[in-house]
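A quick write-up on the structure given underneath.
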2 protein chains.
Amino acid sequence: MPYVMVQIPNTPAPTSPSAPRSVPTSADVARLAGVSRATVSYVLNDTGAVRISEPTRRRVHRAAEELGYVPHAAARSLRAGHSRMVLMPAPPVPAGPLHSQFVHDFQGALSRLDYTVVQYGNCGLHGDEAARAWAELRPVAVLVPGPGLGPRGVAVLKRSGARAVVTFGTEPVDGAHALLTDHAGVGRGAARHLYARGRRRIGVVVPEEPGLETFSAPRLDGAREAVHGTGATVTALPLAYTEESAAALAARWRDLGLDGVFAYNDEYAMLLMSALQDEGVRVPEDAAVIGADDLMLARLLRPRLSTVRITLPSGRGLAELVDRAVRNPGATPESHELFDATVVQRDST
Amino acid sequence: MPYVMVQIPNTPAPTSPSAPRSVPTSADVARLAGVSRATVSYVLNDTGAVRISEPTRRRVHRAAEELGYVPHAAARSLRAGHSRMVLMPAPPVPAGPLHSQFVHDFQGALSRLDYTVVQYGNCGLHGDEAARAWAELRPVAVLVPGPGLGPRGVAVLKRSGARAVVTFGTEPVDGAHALLTDHAGVGRGAARHLYARGRRRIGVVVPEEPGLETFSAPRLDGAREAVHGTGATVTALPLAYTEESAAALAARWRDLGLDGVFAYNDEYAMLLMSALQDEGVRVPEDAAVIGADDLMLARLLRPRLSTVRITLPSGRGLAELVDRAVRNPGATPESHELFDATVVQRDST
DNA sequence: TTGAAAGCGCTACCAA
DNA sequence: TTGGTAGCGCTTTCAA
């Protein structure tokens with residue numbers, strides 16, 4: 001079907017009544033109020049050093065209101081030479097409840113310190129590429145979850161003005177503050193507990209979902225380390241987060257000859273424990289099961305699930321760390337343990 | 001222990017070798033490469049219209065590399081007059097698994113369409129205040145979860161250049177595209193199901209956690225509506241997400257004289273069902289329980305939990321909606337049902 | 001093939 | 001008390 005392409009002007013003539021006028025600037029406000037742009041800036045920012053008469057203030061405010069004027073953050077921070085944006089790249093996997101809660105708190109705390117917190121969804125970029133993309137936004141601080149950042153990335157960020165770079169991860173990155181997430185410690189705690197309960201052939205669930213290796217690998221390593229030299233064994237058990245996968249694993253459970261399992265976290269633990277029970281494997285007699293994260297829901301299953309409780313520090317404390325780092329960018333990067341991992345024994349071990 | 005505070009200059013003299021030099025600009029690159037800023041821009045952006053000789057290109061690239069030059073996004077979009085930022089204000093409550101997954105998909109899909117997706121954590125701001133804060137960033141599109149935005153807010157955003165404003169919520173907002181989340185439909189489906197199973201005195205759990213009213217109120221209303229005129233009753237049951245609260249509710253269950261309950265979602269349902277069982281209330285004989293969201297974990301409890309499954313559309317489809325809206329900002333706002341709610345009967349009803 | 005220069009929207013210095 | 005104006009870093013038109 002033949003058609004005619006009509007050129008639609010994307011900035012309609014300002015005479016058109018219903019059309020969206022172009023975005024009002026402070027110059028427009030100044031014009032309408034009959035003052036200079038400088039005055040507009042003074043009034044709207046309530047600059048202390050300069051006194052503007054009350055009638056003028058009113059005129060400016062009225063004009064701004066009438067035009068629906070909103071200042072342009074990019075222009076402002078360009079002029080100012082800095083911003084108060086804290087950038088937090090979104091993790092490569094959808095956030096779990098712990099992470100969601102943590103990010104929420106942290107955002108709140110930083111907001112109260114007058115920072116603007118922004119989660120940046122950068123799909124597919126890796127390593128230094130990603131760092132460059134973040135650096136383009138000229139954040140005053142960057143909080144990077146996971147291992148996506150090397151020393152070169154840190155350097156790129158700092159060179160482009162980031163006054164604080166903070167990483168979450170199992171080990172510190174050169175030049176950045178580090179919040180150490182001791183996943184190995186979680187695995188170690190779980191395996192030690194199983195060992196103490198008399199288990200010698202220990203399975204460790206490793207989720208098959210991509211993106212979780214970051215956490216699962218150190219947890220597995222930690223478990224290995226915990227029983228090293230004791231004669232107990234640790235076996236990696238790949239498991240997808242589906243009932244089918246759990247049923248399949250449970251079906252070959254007896255062949256595996258294991259007597260205890262650290263199931264990565266409470267969700268996988270619930271899934272596996274349930275499948276084991278369906279298979280007639282008794283928990284904890286035939287197989288002791290321990291999870292991690294201490295989800296409330298995990299207390300509802302019977303037997304009640306033992307777990308490694310992970311307590312994260314308050315968002316406020318971390319926000320203060322960031323604030324300190326921003327105020328004193330020269331300081332030597334600090335490393336902090338972020339986790340506090342405690343075994344909570346219930347009925348499944 | 002006494003200590004001496006040493007004033008560290010935060011912009012060290014550029015002669016200092018190891019100190020962080022000030023952020024390199026395209027002018028620095030130009031200087032180092034011995035060309036003009038224009039040439040730098042041409043080379044780094046690979047401008048098609050202009051041919052730059054190969055040796056010059058190399059010099060520019062080398063210089064940029066050496067300085068660790070990263071372009072300044074704010075300056076660029078200021079000059080360009082527009083950006084490709086899609087702003088998504090973070091919801092006031094920590095995200096649940098459904099929301100996390102959805103946001104993740106959606107971010108990925110928009111990234112592939114070459115947008116920059118940014119979740120903005122704006123603590124405490126409300127209504128038009130919040131809209132103004134978002135507008136300062138001059139996003140090309142804004143996706144607002146929940147009811148935080150009125151027609152005035154939409155107008156503010158559009159006036160400041162947003163070419164698409166999309167709301168998630170139970171009802172459309174004037175001037176914005178709407179993705180309708182039919183929470184009432186969820187409640188309706190659940191209550192209808194309970195009614196069909198012979199229940200006449202129906203409880204509806206209303207979470208006490210602040211910020212959830214947005215979802216719980218329409219779910220309750222939907223349940224009321226479903227049984228309106230049938231002689232069946234609907235009773236709101238406040239419940240905090242703690243074992244204590246659930247135990248307290250279960251303790252007075254017999255006094256309440258209810259025979260069925262829609263428990264807001266699967267998590268509250270699991271909590272309540274478990275408490276009821278501890279109290280000796282038989283499920284489903286004495287009390288039929290239905291949740292919502294179809295969490296996998298809810299299938300693990302016994303009796304297996306009936307639920308209202310909520311399927312969200314793919315992130316890709318929504319990303320395309322946004323893209324279409326951005327390309328054609330004049331179009332009449334569309335409204336779409338976002339939810340597809342289906343009752344899944346298992347053993348608890 | 002390259003350079004000079006204007007200007008995006010804003011703030012802050014200096015002058016009136 | 002107010003206005004003129006420079007300049008933040010960038011792209012792009014026009015001229016050489």
List the residues meeting side-chain hydrogen bond (donor to acceptor under 3.5 Å, both in side chains) with [X], not counting sequence neighbours, and say none if there are none.
| X | answer |
| --- | --- |
| B:His336 | B:Glu334 |
| B:Arg316 | B:Glu320 |
| B:Ser36 | B:Thr39 |
| B:Ser41 | B:Asn45 |

- Which residues satisfy the salt bridge (charged side-chain N to carboxylate O under 4.0 Å, His left out) test with B:Arg59, sequence neighbours excluded?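 If we apply the salt bridge (charged side-chain N to carboxylate O under 4.0 Å, His left out) test to B:Arg59, skipping adjacent residues, there are no hits.
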Pair up each side-chain donor or acceptor in residues 148-155 of chain A with any protein partner under 3.5 Å, not counting sequence neighbours, and list the distances.
| from | atom 1 | to | atom 2 | distance (Å) |
| --- | --- | --- | --- | --- |
| A:Arg152 | NE | A:Asp128 | OD2 | 2.9 |
| A:Arg152 | NH2 | A:Asp128 | OD2 | 3.4 |

Let me have the donor-acceptor pairs involving side chains of residues 79-95 of chain B, under 3.5 Å, with sequence neighbours excluded, atom names and distances please.
| from | atom 1 | to | atom 2 | distance (Å) |
| --- | --- | --- | --- | --- |
| B:Ser83 | OG | B:Met85 | N | 3.2 |
| B:Ser83 | OG | B:Arg138 | O | 3.4 |
| B:Arg84 | NE | B:Asp114 | O | 3.1 |
| B:Arg84 | NH2 | B:Leu113 | O | 3.0 |

- Quick one: does A:His61's side chain get under 4.5 Å of A:Val43's, heavy atoms only?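 The answer is yes; the side chains approach within 4.5 Å.
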- Query: Around B:Glu65, counting heavy atoms of other residues, nucleotides and ligands shown, do more than 12 lie under 6.0 Å from its CD?
  - Reply: no
- Residues of residues 128-142 of chain A with a heavy atom under 4.0 Å from any atom of DNA chain C, listed by number, are none
- Message: Base, sugar-phosphate or nothing for B:Ser41? Non-hydrogen atoms, less than 4.0 Å.
- Response: base
- Write down the atom of B:Leu125, the atom of B:Ala133, and the distance for their closest heavy-atom approach.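 So the minimum-distance heavy-atom pair works out to CD1-CB, 3.7 Å.
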- Note on the structure: Axis-to-axis angle across the helix from C:dT1-D:dA16 to C:dA16-D:dT1, five pairs each end, nearest 10 degrees, ~ 50°
- Item | Contact state string [nucleotides 2-8 of chain D, B base, S sugar-phosphate only, - no protein heavy atom under 4.0 Å] | BBBBBBB
- Round to the nearest Å and state the distance from B:His82 atom NE2 to D:dT11 atom P. 12 Å
- Message: Considering only residues two or more places apart or on different chains, which pairs with a residue in residues 139-149 of chain B satisfy salt bridge (charged side-chain N to carboxylate O under 4.0 Å, His left out)?
- Response: none
- Task: Show the numbers, then the answer: is there a side-chain contact (heavy atoms from CB on, under 4.5 Å) between A:Trp134 and A:Val156?
- Result: CA-CA 10 Å; A:Trp134 305 334; A:Val156 166; over 6 Å; no
- Message: Reading DNA chain C in the 5' to 3' direction, which nucleotide is the first one with an atom under 4.0 Å from a heavy atom of chain B, and which is the last?
- Response: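 Result: C:dT1 to C:dG9.
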- Task: For the pair A:Phe102 and A:Phe106, name the ring-plane relationship: parallel under 30°, tilted 30 to 60°, perpendicular over 60°.
- Result: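 Parallel, since the angle between the ring planes stays under 30°.
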